[in-house]
Amino acid sequence: MDWQPRRPSAEQQQERIARELRVSETAINKWAARLRSGGLRALRARRHPGRPSRLTPTQWQQVATILRAGTLVAGFPTERWTLRRVAQVIMVRGYAAGTYNLTLTYNIP
């Protein structure tokens, strides 16, 4: 019998995909299960429950522009974004008042 390369197992493939996408293997397993049970339609993004954003899509775009420009341009002394600094940017722009316990889930392209 001639030598043939071994195909990676499904588990090895999922580990590689998780590494490349920088997500957990658990997420990959859930996606694979959803794909098997409901096809591509099951993988579509779903609305997340919870409180709606206080910012409009336009305001989020403006915040994203500030974040892309960097912390120094935004007036901070170091080149590091923190959730507190993002909250300060949002409050200084007048988009919201009060204190924030931020969990960022907004993807900035």
Side-chain angles (χ1 to χ4, degrees):
M1 182 184 335
D2 291 335
W3 178 85
Q4 293 181 359
R6 279 184 33 200
R7 292 186 67 195
S9 68
E11 183 177 308
Q12 290 170 328
Q13 288 177 351
Q14 288 182 350
E15 288 173 8
R16 181 185 56 80
I17 292 168
R19 248 189 338 271
E20 287 180 16
L21 296 178
R22 296 181 182 171
V23 297
S24 69
E25 289 179 45
T26 303
I28 298 297
N29 291 333
K30 286 180 182 179
W31 295 342
R34 284 164 71 193
L35 181 64
R36 281 191 301 273
S37 68
L40 288 177
R41 189 172 195 84
L43 292 177
R44 287 204 163 158
R46 303 182 230 193
R47 291 193 55 79
H48 296 283
R51 181 183 209 147
S53 176
R54 294 181 188 179
L55 277 62
T56 66
T58 301
Q59 290 171 328
W60 272 118
Q61 287 175 348
Q62 292 170 348
V63 170
T65 300
I66 294 168
L67 296 180
R68 272 191 231 99
T71 55
L72 299 177
V73 173
F76 295 102
T78 62
E79 292 186 19
R80 183 175 182 193
W81 280 114
T82 63
L83 291 178
R84 181 171 294 200
R85 287 180 175 183
V86 173
Q88 286 176 323
V89 165
I90 290 170
M91 287 185 278
V92 165
R93 295 289 295 206
Y95 297 148
T99 58
Y100 278 84
N101 181 6
L102 284 182
T103 303
L104 278 185
T105 56
Y106 184 77
N107 292 326
I108 299 170

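When a residue number appears, it is its place in the shown sequence, counting from 1.
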Would you say [X]'s side chain and [Y]'s backbone share a donor-acceptor pair under 3.5 angstrom?
{"X": "R85", "Y": "F76", "answer": "no"}
{"X": "R34", "Y": "L43", "answer": "no"}
{"X": "T71", "Y": "W81", "answer": "no"}

Roughly how far, to the nearest 0.5 Å, is [atom2] of [Y] from [atom1] of [X]?
{"X": "W60", "Y": "L67", "atom1": "CH2", "atom2": "CG", "result": "8.5 Å"}
{"X": "Q14", "Y": "S24", "atom1": "CD", "atom2": "OG", "result": "11.0 Å"}
{"X": "L35", "Y": "I28", "atom1": "CG", "atom2": "CD1", "result": "11.5 Å"}

- prompt: Does atom CG of L72 have more than 12 heavy-atom neighbours, drawn from other residues, nucleotides or ligands, at distances under 6.0 Å?
  reply: yes
query: Does E20 have any salt bridge (charged side-chain N to carboxylate O under 4.0 Å, His left out) partners at least two apart in sequence or in another chain, and if so, which?
result: R16
- line: Nearest heavy-atom approach of E15 to E25 is CG-OE1, 3.4 Å
message: With heavy-atom distances below 4.5 Å as the criterion, would you say the side chains of W31 and L21 are in contact?
response: yes
- request: Could you check if a side-chain atom of Q59 sits within less than 4.5 angstrom of a side-chain atom of R93, using non-hydrogen atoms only?
  value: no
task: Flag yes if V23 and I17 sit in one hydrophobic cluster, no otherwise; membership is Ile, Leu, Val, Met, Phe, Trp, Tyr, and two members link when side-chain heavy atoms are under 4.5 Å apart.
output: yes
